[in-house]
Amino acid sequence: DVLTENKNNVYVRINLGKIYEKLGNYDKAIEFFSDSVGFIQDSLIRSDIFYSLGNCFYVKNEFSKAKIYLEKSIELNPNNAKTRRLLGTL
């Protein structure tokens, strides 16, 4: 399967995180995003991963964790409107 063949491919892991997030499996999404973020150097991609982590924690009502990741997202991309909107609800 794709994950077995590409288990070290960070972009496969990010995409799996996005799939799990859309399916509502937030714990699994968090696992994939957390495993991936340290390998990404591009600040916009890192910002997006931190947004996704923040969103997953937000949906799980873990607002203090959500805020940490959303603030990391804003640090990397201050113009990220979706992150600012979600952060504004906390």
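Quantities reported herein were computed from a predicted structural model and do not represent experimental measurements. Excluded from the calculations below are hydrogen atoms, water molecules and symmetry mates; all remaining heavy atoms, backbone and side chain alike, are included.
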Start with the C-alpha distance between Ser34 and Leu53, add both sets of side-chain angles, then the distance that settles side chain to side chain contact (heavy atoms under 4.5 Å, CB included), and finish with yes or no. CA-CA 8 Å; Ser34 296; Leu53 281 163; 3.6 Å; yes

Under the salt bridge (Lys or Arg N to Asp or Glu O under 4.0 Å) criterion, do Glu31 and Lys28 qualify, and how do the steps go? CA-CA 5 Å; Glu31 177 185 328; Lys28 200 71 169 165; 3.6 Å; yes

From CA spacing to verdict: side-chain hydrogen bond (donor to acceptor under 3.5 Å, both in side chains), Tyr69, Ser52: CA-CA 8 Å; Tyr69 287 107; Ser52 294; over 6 Å; no

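Tyr58 and Thr89 are linked by a side-chain donor-acceptor pair at a separation below 3.5 angstrom, with hydrogens and angles left out of the test.
The side chain to side chain donor-acceptor pair (under 3.5 Å) test applied to Ser64 returns no partner, not counting sequence neighbours. Scanning for side-chain contact (heavy atoms from CB on, under 4.5 Å) contacts around Lys65 gives Phe57, Glu62, with sequence neighbours left out. Not counting sequence neighbours, the partners of Asp35 by the side chain to side chain donor-acceptor pair (under 3.5 Å) test are Arg13. Judged as a side chain to side chain donor-acceptor pair (under 3.5 Å), and not counting sequence neighbours, the contacts of Ser73 are Ser47, Thr83. The side chain to side chain donor-acceptor pair (under 3.5 Å) test applied to Asp27 returns Lys60, not counting sequence neighbours.
Atom NZ in Lys18 sits 7.0 Å away from atom CD1 in Ile14 (nearest 0.5 Å). Annotation: the span from Phe50 atom CZ to Ile40 atom CD1 amounts to 10.5 Å, rounded to 0.5 Å. Atom-to-atom distance recorded for Leu16:CG and Phe33:CZ is 9.5 Å, nearest 0.5 angstrom. To the nearest 0.5 Å, the span separating CG on Leu87 from CG on Asn80 amounts to 10.5 Å. Interatomic distance, Asn9 CG to Asn15 CG, rounded to the nearest 0.5 Å: 9.0 Å.
Following chains of ILVMFWY side-chain contacts shorter than 4.5 Å, one can reach Ile45 starting from Val37, so the two form part of one hydrophobic cluster. Both Leu90 and Ile74 belong to a common hydrophobic cluster when Ile, Leu, Val, Met, Phe, Trp and Tyr are linked at side-chain heavy-atom distances under 4.5 angstrom. In the hydrophobic clustering of this structure, Leu76 does not group with Leu86; members are Ile, Leu, Val, Met, Phe, Trp, Tyr whose side-chain heavy atoms approach within less than 4.5 Å, directly or through other members.
Between Cys56 and Glu21 the shortest heavy-atom distance is SG-CG, 3.9 Å. Of all heavy-atom pairs spanning Ala66 and Gly54, the tightest one is CB-O, 3.3 Å.
The 12-atom threshold is exceeded at CZ of Phe63, counting heavy atoms of other residues, nucleotides or ligands nearer than 6.0 Å.
A distance below 6.0 Å separates the ring centres of Phe32 and Tyr20.
Applying the salt bridge (Lys or Arg N to Asp or Glu O under 4.0 Å) rule to pairs touching residues 72-84 yields Asp48-Lys82, sequence neighbours excluded.
Checked by atom type and distance alone, the side chain of Asn55 never pairs as donor or acceptor with a backbone atom of Tyr51 at under 3.5 Å.
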